[in-house]
Peer 1: 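Just dropping this structure here.
Scope of the values below: all heavy atoms of this structure, side chains included, with no hydrogens, waters or symmetry mates. All values derive from a computational prediction rather than experimental measurement. Letters go in sequence order (proteins before strands), and every chain restarts at 1.
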Amino acid sequence: MSIAKTYNPKEAEDKWYQYWMENGFFRSTPDAREPYTIVMPPPNVTGVLHMGHMLNNTIQDVLIRRARMQGKNACWVPGTDHASIATEAKVVAMLKEQGIDKKSLTREDFLKHAWEWKEKYGGIILKQLEKLGASCDWERTKFTMDADLSESVIDTFIKFYKAGYIYRGVRMVNWDPQGKTALSDEEVIRKEVQQKLYYIRYQIKDSDEYVIIATTRPETIMADAAICINPNDERYQHLKGKTVIVPLVNREIPIIEDTYVEMEFGTGCLKVTPAHDLNDYELGQKHNLEVIDILNDDGTLNEKAIILVGEDRFIARKKIAKQLEEVGQIEKIEDYKSQIGFSERTDAAIEPKLSMQWWCKMDELAKPALDYVLSGEVRLIPDKFTASYKHWMENVKDWCISRQLWWGQRIPAWYNEKNEWVIAKTQEEAIQEFKSQGKPAERIRQEEDVLDTWFSSGLWPMSVFDGVRNPENEDFKYYYPTNDLVTAPEILFFWVARMIIMGHNYTEKAPFKNVYLTGIVRDKLGRKMSKSLGNSPDPIELMEQYGTDGVRVGMLLSSPAGNDLMFDVSYCEQGRNFANKIWNAFRLVKGWETTDSPATAAPKTAAQWFENRFNQAVAEIDEHFKHYRLSDALMTTYKLIWDDFCAWYLELVKPAYQMPIEQETLETVKNFFQKILSLAHPFMPFLTEELWHDELFGQRDAKDCIIVAPYPEIAGFNENIIKEFASVQQIISEVRNVRNSKGISPKIALPLAINATEIDYSKYQDSIIKLANIEELTFVKDKVAGAVSFLAGRDECYIALANNIDIDAERERIRKEIEYLQGFLVSVDKKLSNERFVANAKPEIVENEQNKKADAEAKIKILTESLASLG
RNA sequence: GGAGAAUUAGCUCAGCUGGUUCAGAGCACCUGCCUUACAAGCAGGGGGUCACUGGUUCGAACCCAGUAUUCUCCACCA
């Protein structure tokens with residue numbers, strides 16, 4: 001027989017994933033069992049697997065596998081998001097490479113290309129998740145633009161419109177000049193940018209005087225509608241009622257007064273550009289100013305700018321600055337840092353722009369969604385996010401839901417030739433509606449805009465079960481609301497809040513009970529992993545190198561919920577080593593020959609201990625899972641297997657070299673082995689399945705797989721047995737320590753005498769002899785002269801080392817220990833003699849202090865006697 | 001500018017309502033071992049005035065206040 005010395009994951013991974021699929025273990029259909037449901041946060045179709053997905057989906061898979069083993073009907077629904085702006089940008093770029101301009105295509109032709117692109121690349125990320133071992137029900141895979149999901153979106157739009165939540169209006173929006181679409185506030189990322197602050201002179205009409213304003217955007221002076229000063233500003237009283245001339249274009253604009261202007265900033269004079277700044281827009285409304293929009297949709301200047309028409313705004317900025325300088329209108333230029341908005345998807349600098357858009361009113365919708373979280377009906381994990389959720393929900397603004405794109409669900413609004421509009425699901429219904437309103441119903445056309453992607457993702461937990469269109473269907477009634485949602489805190493508002501809003505509006509229920517918010521995967525230096533930094537390892541390569549189980553363990557080892565994960569490949573190494581450890585434990589057991597002779601006492605004692613210890617660990621693990629402390633659950637499993645099972649239990653029962661093991665003992669070992677494999681399975685699915693099927697554990701039916709094996713249940717355990725064995729472990733460690741510090745080889749057996757007053761070690765006799773390599777173990781009632789001694793609890797142990805013993809060193813060691821114990825005793829005494837302590841502390845605390853005192857006193861007595869006996 | 005969080009061993013983190021163990025784990029480190037499951041291993045070991053300063057308390061890593069540093073989220077200062 002030859003089994004590889006190290007675990008080779010490759011073969012096992014392909015084999016078992018295939019096998020699980022073929023046997024339908026990932027499938028879920030409603031039945032009598034309790035459901036356990038997770039909907040996967042749908043990755044963008046444009047996405048490729050990155051470390052964030054790895055973390056996210058590993059967590060989900062651990063949760064779903066554990067639930068499945070616990071006998072629940074586990075259903076994990078995968079899918080992808082159409083990600084309208086990101087995908088459209090990708091497709092546009094691809095077409096450009098082929099020499100095709102989007103503008104030259106009809107909407108239909110463009111969409112044909114987009115769907116082709118989606119079919120070709122959209123599934124990549126899901127394929128990659130298979131490698132991770134994701135046990136999703138792939139037959140339920142959904143896409144946010146599947147016909148039924150799209151219809152759900154349209155239905156929801158109409159429902160919300162009828163309920164008065166959706167309106168159309170001209171507002172200032174965040175305009176993405178690259179995507180050429182409006183964005184919601186949440187899609188704008190603010191970054192601090194080093195800019196220039198230009199001080200520009202505006203000549204006062206019919207005068208040689210100037211006012212100087214400070215701006216970061218000189219290219220917008222052509223859109224200026226006024227200059228604004230604070231009416232309380234002493235310096236500018238003389239300007240009231242005057243007008244000034246905009247440089248270069250020589251247009252006359254008024255000087256207005258508003259306390260909005262900060263006197264301290266810049267020169268205290270503000271140029272008001274209503275078309276290109278939200279605050280200026282509001283000022284303009286208040287003071288009835290003209291709105292001059294000088295920008296095209298792509299961020300270039302239009303003819304209203306008069307000069308530099310067709311130039312991009314950033315180029316225009318530089319050119320204008322130069323021109324102003326040439327005509328002497330620039331007073332000075334300062335360096336200046338300020339926050340600029342960028343498109344989350346295209347990274348283009350956002351332009352505030354006035355435009356007609358569709359909006360979703362949020363205040364009313366937000367309230368119940370906030371209550372779910374505040375009442376605890378929806379639990380955020382960790383709950384520190386509740387505060388920011390609350391803040392956001394209480395300050396939420398209306399949501400711009402229209403996008404000037406083609407890829408997405410087209411808004412079901414219809415216009416007649418007079419530009420009047422109605423909301424209707426189909427053209428026929430629209431015509432009816434127009435007619436019933438007595439309006440012209442000929443030549444009607446549909447709204448060009450599509451809906452924000454998040455409008456459809458908000459429905460995801462419902463729409464994957466077709467719960468929007470058909471709430472009475474069996475799947476929806478069975479699986480909804482789902483149990484856990486695992487996602488990144490960055491999309492708490494984007495997505496989680498909106499799912500709760502939409503879920504509430506349809507079902508009066510939140511779509512999930514727990515929201516586990518993962519951290520951000522960072523590199524060792526704490527930098528966010530990103531493609532542009534090139535600091536993100538390729539997950540697929542990692543899995544090739546360390547094995548999928550190793551990487552899963554690595555991801556989980558140091559990622560408590562909500563904490564960022566400082567990722568380093570050494571975690572994967574640790575995971576791989578752990579897999580290898582289990583593999584080798586298996587090799588050991590696999591290699592044993594058996595005998596029919598009955599089991600001796602020692603392995604039975606060991607089994608008794610391990611069983612109790614195992615049950616204790618299972619209880620701890622359960623507790624960790626209840627609190628979503630996955631890394632702690634994993635660490636408890638890790639230590640149970642590595643320390644308790646391998647280092648202690650297997651060493652205890654391991655037969656002597658080339659000796660057989662009793663059949664009875666082997667059966668017990670195999671039984672435990674399968675139990676620890678079951679515990680490990682959610683974390684390490686492949687290795688555990690591979691070992692599960694080895695003939696060592698007997699013939700198995702085709703469906704007898706660990707993926708559906710029962711997860712160890714909580715059982716009682718005897719703490720005394722665990723404590724007692726801890727003393728045994730201590731004795732063994734102390735003997736090893738003595739050996740180590742005296743440079744005695746582990747091969748040399750030593751004599752050991754124990755003066756047991758507390759614990760009856762007789763049933764552990766053989767275990768101690770074996771693991772501490774004891775030549776002769778005796779139980780004594782008196783001091784053993786000329787021996788190295790140590791305490792295990794209050795039991796003193798002696799190793800007679802004959803002439804090898806250094807009496808002086810022994811004396812010194814014991815003296816130090818007594819000294820320490822006495823110091824300890826003093827502090828305990830101090831507590832106990834403090835009346836206020838005895839009066840105020842809980843009785844069990846006081847009792848405990850008394851025990852500590854008694855224990856220390858007993859130890860001091862023993863050690864003092866030992867010291868005396870040394871002479 | 002507002003809000004929240006963090007600061008515990010070289011690193012990453014536990015420490016659940018203040019009091020079982022003079023502060024724990026994993027990794028890393030040091031020493032000795034290629035012992036016939038595993039050197040991706042075995043045995044043993046060292047290492048922290050719990051950021052700082054005060055306060056509350058019989059008792060503080062834990063509660064309170066302030067300081068420092070770091071992070072995250074939100075926000076329209078040109």
Peer 1: Decide, yes or no, whether a salt bridge links A/E857 with A/K853 under the criterion of side-chain N to carboxylate O below 4.0 Å.
Peer 2: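 Yes, A/E857 and A/K853 are salt-bridged.
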Peer 1: Examine B/G19: is either OP1 or OP2 under 4.0 Å from a nitrogen or oxygen in the side chain of A/K842? Give yes or no.
Peer 2: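 The answer is no; no side-chain N or O of A/K842 sits under 4.0 Å from OP1 or OP2.
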Peer 1: Can you tell me the Watson-Crick or wobble partner of B/G48, both distances under 3.5 angstrom?
Peer 2: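 Check on B/G48: unpaired, no WC or wobble geometry under 3.5 Å.
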Peer 1: In terms of ring plane angle, is the pair A/F672 and A/Y649 parallel, tilted or perpendicular, where the classes change at 30° and 60°?
Peer 2: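 Ring orientation of A/F672 relative to A/Y649: perpendicular.
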Peer 1: Base, sugar-phosphate alone, or nothing: which one does A/S741 contact when heavy atoms must sit under 4.0 Å apart?
Peer 2: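 If one applies the 4.0 Å heavy-atom cut-off, A/S741 turns out to touch nothing in the nucleic acid.
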Peer 1: Given salt bridge (Lys or Arg N to Asp or Glu O under 4.0 Å), test A/E351 with A/R217 step by step and report yes or no.
Peer 2: CA-CA 11 Å; A/E351 284 296 332; A/R217 304 204 56 186; 2.9 Å; yes
Peer 1: Counting side-chain heavy atoms from CB outward, which of B/A37, B/G19, B/U12 is closest to A/Y571?
Peer 2: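 Comparing B/A37, B/G19, B/U12 against the side chain of A/Y571, the answer is B/U12.
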Peer 1: Between B/A14 and B/C50, how far is it from one C1' atom to the other, in whole Å?
Peer 2: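 About 13 Å, rounded to a whole number of Å.
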Peer 1: For A/V261 and A/G268, work out which heavy atoms get closest and say how close.
Peer 2: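 Reported closest heavy-atom pair: CG1-O, 3.4 Å.
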Peer 1: At 4.0 Å (heavy atoms only), tell me whether A/V261 reaches a base, stays on the sugar-phosphate, or touches nothing.
Peer 2: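 Contact class for A/V261: base.
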Peer 1: To the side chain of A/D643, which of B/G26, B/C71, B/C74 is closest?
Peer 2: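 The nucleotide sitting nearest to the side chain is B/G26.
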Peer 1: Heavy atoms under 4.0 Å, any strand shown: does A/W592 hit a base, just sugar-phosphate, or nothing?
Peer 2: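 Result for A/W592 = nothing.
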Peer 1: So, is A/R836 close to the B/C58 phosphate, meaning a side-chain N or O under 4.0 Å from OP1 or OP2?
Peer 2: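 Yes.
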Peer 1: Partner of B/A65 by Watson-Crick or G-U wobble geometry, both contacts under 3.5 Å, or none?
Peer 2: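 In the structure as shown, B/A65 has B/U53 as its Watson-Crick or wobble partner.
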Peer 1: Picking from B/A5, B/G19, B/C13, which would you name as closest to the side chain of A/M566?
Peer 2: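 Of all the options, the side chain of A/M566 is nearest to B/C13.
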Peer 1: Are A/Y199 and B/A78 close enough that a side-chain N or O sits under 4.0 Å from OP1 or OP2?
Peer 2: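 For A/Y199, the contact criterion (side-chain N or O under 4.0 Å from OP1 or OP2 of B/A78) is not met.
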Peer 1: Using the C1' atom as the reference point in each nucleotide, state the distance between B/G45 and B/U49 in Å, no decimals.
Peer 2: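 Comparing C1' positions in B/G45 and B/U49 gives a spacing of 23 Å.
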Peer 1: With respect to the side chain of A/Q574, which nucleotide from B/G26, B/C74, B/A78 is positioned closest?
Peer 2: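 It is B/G26.
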Peer 1: Take atom P in B/G10 and the same atom in B/U57, then report the distance between them in whole Å.
Peer 2: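 So the two P atoms sit 35 Å from each other.
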Peer 1: Decide if atom CD of A/E593 counts as having more than 12 heavy atoms of other residues, nucleotides or ligands within a radius under 6.0 Å.
Peer 2: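 12 or below, so no.
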Peer 1: Can you work out whether A/R576 or A/R736 has the more 5'-proximal nearest nucleotide on RNA chain B?
Peer 2: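 Taking each residue's closest nucleotide, the earlier one in sequence belongs to A/R576.
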Peer 1: Between A/W642 and B/A25, is there a side-chain N or O to OP1/OP2 distance below 4.0 Å?
Peer 2: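 Answer no for this pair, as no side-chain N or O of A/W642 is under 4.0 Å from OP1 or OP2.
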Peer 1: Would you measure the distance from the C1' atom in B/A9 across to the matching atom in B/A28 and give it in whole Å?
Peer 2: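 It comes out at 11 Å once rounded to the nearest Å.
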Peer 1: Take atom CD of A/E719 as the centre, draw a 6.0 Å sphere, and report whether it contains more than 12 heavy atoms from other residues, nucleotides or ligands.
Peer 2: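 Open.
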Peer 1: If you only use heavy atoms from C-beta on, which nucleotide in B/A78, B/U35, B/C73 is closest to the side chain of A/K747?
Peer 2: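 For the A/K747 side chain, the nearest candidate turns out to be B/U35.
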Peer 1: Taking only the side-chain nitrogens and oxygens of A/Y7, find out if one of them lies under 4.0 Å from OP1 or OP2 of B/G41.
Peer 2: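 No, no such contact exists.
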Peer 1: For B/A3, give its Watson-Crick or G-U wobble partner with both distances under 3.5 Å, or none.
Peer 2: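 B/A3 is paired, partner B/U72.
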Peer 1: Taking the P atom of each, how far is B/A51 from B/C11, in whole Å?
Peer 2: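 These two P atoms come out 14 Å apart once rounded.
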Peer 1: Select base, sugar-phosphate, or nothing to describe what A/N279 touches, counting heavy atoms under 4.0 Å on all strands.
Peer 2: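 Base contact.
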Peer 1: Assign A/Y336 to base, sugar-phosphate, or nothing according to its heavy-atom contacts below 4.0 angstrom with the strands shown.
Peer 2: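 Counting heavy atoms under 4.0 Å across all strands, the contact made by A/Y336 is with sugar-phosphate only.
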Peer 1: Using OP1 and OP2 only, check whether a side-chain N or O of A/N577 sits under 4.0 Å from B/G41.
Peer 2: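 For A/N577, the contact criterion (side-chain N or O under 4.0 Å from OP1 or OP2 of B/G41) is met.
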Peer 1: Taking OP1 and OP2 of B/G44, is either one under 4.0 Å from a side-chain nitrogen or oxygen of A/S733?
Peer 2: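 Checking A/S733 against B/G44: at least one side-chain N or O falls below 4.0 Å of OP1 or OP2.
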Peer 1: Determine the contact category for A/L270: base if any of its heavy atoms lies under 4.0 Å from a base atom, sugar-phosphate if only primed atoms, P, OP1 or OP2 are that close, otherwise nothing.
Peer 2: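 Base contact.
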Peer 1: Considering only side-chain heavy atoms of A/N737, which listed nucleotide, B/C38, B/A78, B/G44, is closest?
Peer 2: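 Of B/C38, B/A78, B/G44, B/G44 is nearest to the side chain of A/N737.
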Peer 1: Under 4.0 Å between any heavy atoms, over every strand shown, what does A/T215 touch: base, sugar-phosphate, or nothing? Just pick one.
Peer 2: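 Sugar-phosphate only.
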Peer 1: Rounding to an integer number of angstrom, what distance separates B/G54 and B/A61 when you compare their P atoms?
Peer 2: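 About 15 Å, rounded to a whole number of Å.
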Peer 1: So what's B/A60 paired with, Watson-Crick or G-U wobble, going by both distances under 3.5 Å?
Peer 2: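 Because no pair has both required distances under 3.5 Å, B/A60 counts as unpaired.
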Peer 1: State whether A/K397 places a side-chain N or O below 4.0 Å from either non-bridging phosphate oxygen (OP1 or OP2) of B/C76.
Peer 2: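 For A/K397, the contact criterion (side-chain N or O under 4.0 Å from OP1 or OP2 of B/C76) is met.
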Peer 1: Taking the minimum atom-to-atom distance to the side chain of A/R522, which one of B/A37, B/U72, B/A40 wins?
Peer 2: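 Among B/A37, B/U72, B/A40, the one nearest the side chain of A/R522 is B/U72.
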Peer 1: For A/D224 and A/T273, does a side-chain donor sit closer than 3.5 Å to a side-chain acceptor?
Peer 2: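 Their side chains do contain a donor-acceptor pair, which is all the 3.5 Å distance test asks for.
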Peer 1: Let's see if you can work this out: which of B/A40, B/C76, B/G26 has an atom nearest to the side-chain heavy atoms of A/Y260?
Peer 2: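 Within the option list, the nearest is B/C76.
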Peer 1: Are there more than 12 heavy atoms of other residues, nucleotides or ligands under 6.0 Å from atom NZ of A/K390?
Peer 2: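 Result for NZ/A/K390: open.
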Peer 1: For A/E651, report the nucleic acid contact type (base, sugar-phosphate, nothing); a contact means any heavy atom under 4.0 Å.
Peer 2: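 Base contact - A/E651 has a heavy atom under 4.0 Å of at least one base atom.
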Peer 1: Students often get this wrong, so: under 4.0 angstrom with heavy atoms, is A/C269 touching a base, only sugar-phosphate, or nothing?
Peer 2: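 If one applies the 4.0 Å heavy-atom cut-off, A/C269 turns out to touch nothing in the nucleic acid.
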Peer 1: Using the C1' atoms only, state how far B/A43 lies from B/U35, rounded to an integer number of Å.
Peer 2: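 One C1' to the other, the span is 10 Å.
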Peer 1: Would you say a side-chain N or O of A/K5 is under 4.0 Å from OP1 or OP2 of B/A39?
Peer 2: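 For B/A39, OP1/OP2 do have a side-chain N/O of A/K5 under 4.0 Å.
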Peer 1: In terms of the nearest nucleotide of RNA chain B, which residue is placed more toward the 5' end: A/K639 or A/I732?
Peer 2: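 The 5'-side residue here is A/K639.
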Peer 1: Choosing from B/G19, B/A78, B/G26, which nucleotide comes nearest the side chain of A/Y638?
Peer 2: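 So the side chain of A/Y638 is nearest to B/G26.
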Peer 1: Check every atom of B/C58, B/U20, B/G15 against the side chain of A/K852 and return the nucleotide holding the closest atom.
Peer 2: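 Closest nucleotide to the A/K852 side chain: B/U20.
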Peer 1: Counting only side-chain nitrogens and oxygens, does A/N848 get under 4.0 Å of the OP1 or OP2 atom of B/G19?
Peer 2: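 False: A/N848 side-chain N/O out of range (4.0 Å or more) of B/G19 OP1/OP2.
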Peer 1: Can you establish whether the number of heavy atoms outside A/E844 located under 6.0 Å from its atom CD is more than 12?
Peer 2: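 Check passes, neighbour count above 12.
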Peer 1: Looking only at atom C1', what distance separates B/C73 and B/G66, rounded to whole Å?
Peer 2: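 So the two C1' atoms sit 25 Å from each other.
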Peer 1: Ignoring backbone atoms, establish whether A/K581 has a side-chain N or O less than 4.0 Å from OP1 or OP2 of B/C42.
Peer 2: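 Indeed, a polar side-chain atom of A/K581 lies that close.
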Peer 1: So what does A/Q658 hit on the nucleic acid, given a heavy-atom distance under 4.0 Å: a base, only sugar-phosphate, or nothing?
Peer 2: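 Result for A/Q658 = nothing.
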Peer 1: Hunt down the Watson-Crick or G-U wobble partner of B/A28, both distances under 3.5 Å, from any strand shown, or write none.
Peer 2: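 Paired with B/A28, as far as the under-3.5 Å criterion goes, is no nucleotide at all.
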